[in-house]
Amino acid sequence: PLLKKYAPYYDDFVNLTLHGGQLDVRGHYQVEFTDKLTLAQLSNAVVHLTNLRVAERGATNDVMELGDLTVAGIDGDLLAQTVAVDTFTATGGRVAVRKLADGLPNLARMFMKEQPARQPPPATPQRPAAHTKPWQLNMREMRSDDHTATASGFFGDQHTACREFRLTHLHVVTEPLSVTVDDIFIDGPRIDQVIPAGLTNLFARPVSTNAPSHKPPTTAKPAPAPLPFVQIGSVTITNGVTTFTDESLPTPVAIVVTGLTVRVTGFATDTNGVTDIHVAARVDNVAPVDVTGRVNPFAMDATTAMKVGMH
């Protein structure tokens, strides 16, 4: 069905207008009750979204577009709390982000509509939280092709694009939170950063006001919460391009990095883990750069070995 015909159901919660979008959901389900729920399963489900076009409320220009999104081979078991997905594919995405007068991005305003104040419900005694079984998600492959994004008003103008993104064998557990991925592959990423002439030079030395400095009393900071466990077998980036143009300086600066290739293996949010990194690129199409090393980003006292070559 066309999504925009359901506008009466979501207009009170968002500040957006759907100019397009068709959703198709199919699958098989089984539900059984006795004196309680004994079976609730979904099998071989498919979600297909096409021609999604989203604009700000009352605007004609779309700020979000998605040509095709397909999630196939979905199996779920409510009692076992498991979800399995065979493939997740998306193509033809475009996002345009801009800074509003109040400092928030336009996307935040589109999806965060202020609700009228309501009288809070009466307080009820809190029961101790019962131990719940964690949810688990397994996905064989995620693929995303031909996407672009632009941003303006935050730190100059940015444009990003990616020809292909592929992720294989994703496994997520909710409690405690952990994420494991076999491989991530990115081909043809591009990042363009432009600092316009009207923007203040961020590298200029600030003017001293000669005001006396008063340091606030130091207070003990609580220990940071432990990071969730994340493990990625390998990350590979090929054919990357990045450009940086700063027009705010007296003499404008332009740097172009081409042929960016990155290979990262063994990444984990574990103080005992070691990550191998190799980066190769060419600066302004003339100066090859090669970086190879082994690091442990989550053990501050661990030894880091890096080799940098420039020609």
Side-chain angles (χ1 to χ4, degrees), residues 65 90-99 105 142-168 181-206 232-268 273-300 302-311:
E65 296 178 2
T91 58
R94 185 182 71 85
V95 178
V97 184
R98 64 184 181 89
K99 186 178 181 180
M142 176 188 293
R143 180 162 182 158
S144 181
D145 298 334
D146 299 325
H147 295 285
T148 62
T150 59
S152 59
F154 297 95
F155 180 54
D157 300 317
Q158 300 86 33
H159 174 269
T160 63
C162 184
R163 185 163 49 235
E164 177 185 352
F165 173 89
R166 187 170 69 248
L167 178 151
T168 60
V181 176
D182 279 4
D183 301 290
I184 295 176
F185 175 77
I186 303 172
D187 180 57
R190 183 182 181 98
I191 301 175
D192 300 312
Q193 169 71 53
V194 178
I195 301 177
L199 193 66
T200 303
N201 177 13
L202 299 179
F203 300 100
R205 179 177 298 177
I232 303 174
S234 69
V235 178
T236 303
I237 300 174
T238 58
N239 301 311
V241 176
T242 180
T243 68
F244 176 81
T245 305
D246 190 346
E247 300 172 349
S248 68
L249 299 174
T251 301
V253 174
I255 301 173
V256 179
V257 177
T258 58
L260 177 64
T261 300
V262 179
R263 176 73 174 175
V264 178
T265 58
F267 174 85
V274 176
T275 302
D276 292 302
I277 301 174
H278 178 243
V279 179
R282 187 176 290 271
V283 179
D284 291 333
N285 206 31
V286 292
V289 177
D290 190 273
V291 179
T292 303
R294 306 191 77 190
V295 300
N296 185 339
F298 299 98
M300 302 304 295
T303 301
T304 297
M306 301 293 290
K307 179 181 179 182
V308 181
M310 302 183 68
H311 306 281

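In this structure, the side chains of Val283 and Ile255 come closer than 4.5 Å at one or more pairs of heavy atoms. Residues Val291 and Ile277 are not in side-chain contact: their nearest non-hydrogen atoms beyond the backbone lie 4.5 Å or more apart.
Judged by distance alone, the side chain of His147 and the main-chain N or O of Gly93 form a donor-acceptor pair under 3.5 Å. Between the Ser152 side chain and the Arg98 main chain, no donor and acceptor come within less than 3.5 Å of each other. Checking side-chain atoms of Gln193 against main-chain N and O of Gly156 turns up no donor-acceptor pair under 3.5 Å. In terms of modelled atom types and a separation under 3.5 Å, the side chain of Asp246 and the main chain of Pro252 share no donor-acceptor contact.
Annotation: salt bridge (charged side-chain N to carboxylate O under 4.0 Å, His left out) contacts of Asp187 (sequence neighbours excluded): Arg163. For the ring-ring contact (aromatic ring centres under 6.0 Å, His included) test, residues two or more places apart in sequence or in another chain that qualify with Phe267 are Phe298.
Thr238 OG1 to Glu164 CD: the interatomic distance, rounded to the nearest 0.5 Å, is 8.0 Å. We find the CZ-OG1 distance between Arg143 and Thr168 to be 12.0 Å, quoted to the nearest 0.5 Å. From Thr245, atom OG1 reaches atom CG of Asp192 across 8.0 Å, with rounding to the nearest 0.5 Å. How far CD1 of Ile186 is from CG of Leu167: 9.5 Å, rounded to the nearest 0.5 Å. The structure places CG of Asp183 at 8.5 Å from CZ of Arg166, a figure rounded to the nearest 0.5 Å. Atoms OG1 and NE2, from Thr236 and His278 in turn, are 12.0 Å apart once rounded to the nearest 0.5 Å.
Of all the heavy atoms in Thr275 and Gly266, the pair that sits closest is OG1-O, 3.5 Å. When every heavy atom of Ser248 is checked against every heavy atom of Pro196, the shortest pair comes out as CB-O, 3.7 Å. Heavy atoms only, all atoms of each residue included: Phe165 and Asp145 are closest at N-OD1, 4.0 Å.
Among pairs with a residue in residues 256-267, none fulfils salt bridge (charged side-chain N to carboxylate O under 4.0 Å, His left out), at least two apart in sequence or across chains.
Here the options are Thr243, Val257, Val241, Thr160, the test is side chain to side chain contact (heavy atoms under 4.5 Å, CB included), and the partner is Ile191; only Thr160 passes. Checked against Val279 for a side chain to side chain contact (heavy atoms under 4.5 Å, CB included), the options Ile237, Val289, Leu260, Asp290 give a single hit: Leu260.
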